[in-house]
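Excluded from the calculations below are hydrogen atoms, water molecules and symmetry mates; all remaining heavy atoms, backbone and side chain alike, are included. To find a chain, count down the sequence lines: A is the first, B the second, and so on, and within it residues start at 1.
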Amino acid sequence: MPKRTDIHSILIIGSGPIVIGQACEFDYSGTQACKVLKEEGFRVILINSNPATIMTDPELADATYVEPITPAFVEKIIEKERPDVILPTMGGQTALNTAVALAESGVLNKYGVELIGAKLEAIKCAEDRELFQEAMAEMGLETARGAFVHSLDEALRVADDIGFPIIIRPSFTLGGTGGGTAYNMEEFRSKVEHGLASSPISQVLIEESVLGWKEYELEVMRDLKDNVVIICSIENFDPMGVHTGDSITVAPAQTLTDKEYQTMRDAAKKIIRRIGVETGGSNIQFAVNPSNGRMIVIEMNPRVSRSSALASKATGFPIAKIAAKLAVGYTLDEIPNDITKETPASFEPTIDYCVVKIPRWDFEKFKGVDDTLGVQMKSVGEAMAIGRTFKEAFQKALRSLEQGRFGLGADGKDIIDVRTLPEEKKPEWKKKVLDRMKMPKPDNVFYLRYAFQLGSTIEEVHHITKIDPWFLYNIKQIVDLEEELYAYRA
Amino acid sequence: MRNVISVCIVAQNMLSCVPQFENSSHYVVGLRALRAKLALENGTIFTGESFGAATETMGEVVFNTSLTGYQEILTDPSYAGQIVTMTYPLIGNYGINFEDLESVKPQVAGFVVKEYFDFYSNFRAKGSLGEWLARHGIMGIQGIDTRMLTKIIRTRGALRGILSVYDLDDESLVQKAKGSPEMKGLDLAKVVTATEPYEWDEIDRTPFALKPEYQKKLNGKRWRVVVYDYGVKQNILRRLTSYGCRLTVVPASFPAEQVLEMNPDGVFLSNGPGDPAAVRYGIQNIKKLIGKKPIFGICLGHQLLALALGGKTFKLKFGHRGANHPVKNLLTNTIEITSQNHGFAVDLSSLDPSTVEITHVNLNDETNEGLRHRELPVFSVQYHPEASPGPHDSDYLFSQFVEMMARESIPV
């Protein structure tokens, strides 16, 4: 299917100012989209309130509006520019939310503007928890088990089904107050009662806890001919419970057999089709129970995401650029592969290296903020590295963070100098270090090293951190090699 | 250091039935990693350390680009006589389990990786890759620059090579590699095929098995299929039974007359190793079956079918081995990401377009990936719809086979 000839002008919504969780990755994707669509001869109209972006450079769009990204302002631009279509999938959640608001308020209908990349129904199905769960159930895919309840009796029945630990989330409370995790019946009763009392509509969501499960992401592309390809698989070093943006992530997935990976790939293909993202990229997250391989679908982003940027750089497959081309009607087999130039983009990249991304936090600039990592992203940036081994990529990424560290160990900058500790103090320190790692903190990777130096086993560290033993083994190899080198000192 | 193999193992030569390979048999007690070398016939030497069995082995050196699925790759009989290198550098991560097998044992001549992990993590794992290879007498080498090796193969084409822990003399190794048999002209199907016919009727109970969505349509109908085993991957048998077939697997040289006597609903031609043109008896038998029974072929089966239809095959420079090959289905104009493993291909121009229709083409190099007869119930693909390892995009081909049998015959 060639390029659509019924559209001439395209409005791209940017992501606005840089905030935690939405930084330059959307300038990257937006810039790619502007370039490609202009090359294709479309009139590109851009709105982005952030002047410090590449995409707002005058030559990148035909008309650039540095205005607040709100439905009201975008409507004014639509009124003036009369674009044929809006591409809302390049500017992160800000752009997607704005597009949804415009569609729902009837502005898009009024001006006859079409959403390309993802339609309103697809965005809503992906973002609405209940619609999403229904869609998954329809296809026989599992999501976290749970239900909304209005009484303790109801809650107890649900608890019987799902087993501990259980997450309790009261509905409509500010910042989720009154919620928590219950590990036994006693805690469960008290937390549900408390939750029911604190919810203005006496409603609580009881949900199976997937804390500590392995977390995976797949980057998926689809075209108008319904061709679907997986660009990249990503495995999180940190288990479920830490936001992906705050997790060390690794591409490709390291500890899945082909059978498990293909099951995930099949699920991703079904999801992108069912949710109905017609063209472009999506990011789908999965959790896998390490003890039995049970896989559940966590969520789907019907747009390019932070992980798309990582996947693009990790594989050489320019997701944003190709997503923009797919949005205007091209199919994957019509677009040349960026690397080979000769073969089409309808392939799944394979790599002969390992990619590691490590987030960077700047808590010293946010005084008083709890530096425990959780479901809300707190990192302000990240560094990615490529290596022929996980260890190489990991060390390079750690060094690239520009936090004065030259990798894991061997740089004389440790907070705990294990080598100078008296032997009799070591058990006590080992306990301290292991206790410290119970909470996910930004500097936990360095504590992994202390733990191994203090004689902890992979099993002990895994038990506490839930980091997959294979990753821990690699970290231990780094620590062991340092010890080996140290033994040769003059 | 890392690859301590905990059991003492006496290696056996997996290809002991092939006279040409007999000299590569050695007995080994493997306790730990040893210095090992890989030598290519062009004189390139790689030094690394052994894992699995510490021995000496020869074969054609090929590369596979799959990121996952080393256990399936190692047990695929189509790799007989080949030393396989993985382009993905980290191998062994998820160990070895009891289910992801394509035959009862590893079939490769040798295995080459950048970094081998004796330490594994996966809930299904039952042991390490090295332990398992050692138990079967298969040698692995790690710690070599597999990227450079792959580049050499891409530039020079597939090369003969030798892996050894005994002989570390470069010149001697290169001489041995040069003296090993060429893949061209080699019939390896006769080596890996079943010796006696057997029935395969079990339902696929392996974890993660695909559930065919059309099962309702099947209405309990069963199709009797004779499978020619040129080195069949077990997942093909599992997929066929999932689609309602009852299988009689027969040796590669099983006479066509006897197949016709059995009066099956269809005949399946399996994958397998070696040069298709050398499997003359297979081509003769297929000629006798075309037009008599519905036929479906995969990989070597596809090549043999093409040869039986009057076509020619040729050796690809470095073959297609991986789980990411884009194939265009010319009948539906859609793309399938496919699992591939072949060193030979069908010459498109050799087939008569008035009888044979090209149905699939590889988008990377435009080589032939599938064909069908214009009138007779006969079709085949060069790639692996049974996946394992690889994507399930092409599973529909099994249902096409069943539909073809439904049109042509009466179910039992």
Just verifying a value: how many Å separate B:Glu99 CD and A:Lys259 NZ, rounded to the nearest 0.5 Å? 10.0 Å
Part of B:Ile335 within contact of chain A (heavy atom distance under 4.5 Å): both
If you count heavy-atom pairs under 4.5 Å with chain A, which of B:Asp145, B:Thr338, B:Asp100 comes out on top? B:Asp100
Under 4.5 Å heavy-atom distance to chain A, tell me which part of B:Thr206 shows up: side chain, backbone, both or neither. neither
Check whether any side-chain N or O of B:Glu115 sits under 3.5 Å from a backbone N or O of A:Thr389 as a donor-acceptor pair, and report yes or no. no
Over 12 non-hydrogen atoms of neighbours within 6.0 angstrom of NZ in B:Lys151: no
Distance col, row B:Arg124:CZ vs A:Asn292:CG, nearest 0.5 angstrom, shows 12.0 Å
Minimum heavy-atom separation for A:Ile351 and B:Tyr88, please, with both atom names. O-CD1, 3.5 Å
With side-chain contact (heavy atoms from CB on, under 4.5 Å) as the test, would you mind laying out the steps for B:Phe117 and A:Asn474 before giving the verdict? CA-CA 10 Å; B:Phe117 283 88; A:Asn474 275 274; 3.4 Å; yes
What residue, out of B:Asp365, B:Thr150, B:Leu90, has the most heavy-atom pairs lying under 4.5 Å from chain A? B:Leu90
Which atom names give the shortest non-hydrogen contact between B:Pro89 and A:Tyr353, and what distance separates them? CD-N, 3.7 Å
Out of A:Asp258, A:Thr257, A:Thr255, which one pairs with B:Thr68 under the side-chain hydrogen bond (donor to acceptor under 3.5 Å, both in side chains) rule? A:Asp258
Euclidean distance, B:Asn93 CG relative to A:Phe390 CZ, rounded to 0.5 Å: 10.5 Å
Which atom pair, heavy atoms only, marks the closest approach of A:Thr343 to B:Asn364? CG2-O, 3.5 Å
Counting only heavy atoms from other residues, nucleotides and ligands, does the tally under 6.0 Å from CZ of A:Arg294 exceed 12? yes
Between the side chains of B:Asn122 and A:Glu260, is a donor N or O closer than 3.5 angstrom to an acceptor N or O? yes
In terms of side-chain heavy atoms, does A:Ser346 have a donor or acceptor partner in B:Lys328 at a distance below 3.5 Å? no
Any idea which of B:Ala387, B:Pro326, B:Ser121 has the most non-hydrogen atom pairs under 4.5 angstrom with chain A? B:Ser121
How long is the gap from CG on B:Asn333 to NZ on A:Lys225, to the nearest 0.5 Å? 4.5 Å
Between A:Trp470 and B:Phe119 the two heavy atoms that sit nearest each other are CD1-O, 3.7 Å
Part of residues 461-469 of chain A lying next to chain B, heavy-atom separation under 4.5 Å: A:Asp468, A:Pro469
Which heavy atom of B:His392 sits nearest a heavy atom of A:Gln262, and at what distance? CE1-CB, 3.5 Å
Would you say A:Asp352 and B:Thr87 are linked by a side-chain donor-acceptor pair, where the criterion is simply a distance under 3.5 Å? no
Stepwise side-chain contact (heavy atoms from CB on, under 4.5 Å) check, A:Asp266 with B:Leu210: CA-CA 10 Å; A:Asp266 288 347; B:Leu210 267 189; 3.6 Å; yes
Side chain from CB out, backbone as N, CA, C, O: work out which of these in A:Leu256 comes under 4.5 Å of a heavy atom of chain B, or both, or neither. backbone
CG-CD1 distance between A:Asn227 and B:Ile337, expressed to the nearest 0.5 angstrom: 8.5 Å
Heavy-atom cut-off 4.5 Å, strictly under: side chain, backbone, both or neither for A:Arg265 against chain B? side chain
Could you check whether atom NZ of A:Lys269 has more than 12 heavy atoms from other residues, nucleotides or ligands sitting under 6.0 Å from it? yes
Proximal component of A:Tyr261, with respect to chain B [non-hydrogen, under 4.5 Å]: side chain
Just checking B:Gln400: does its CD atom have more than 12 heavy atoms from other residues, nucleotides or ligands closer to it than 6.0 angstrom? yes
Report the option among B:Val327, B:Asn324, B:Thr334 that has the most heavy-atom pairs separated by less than 4.5 Å from atoms of chain A. B:Asn324
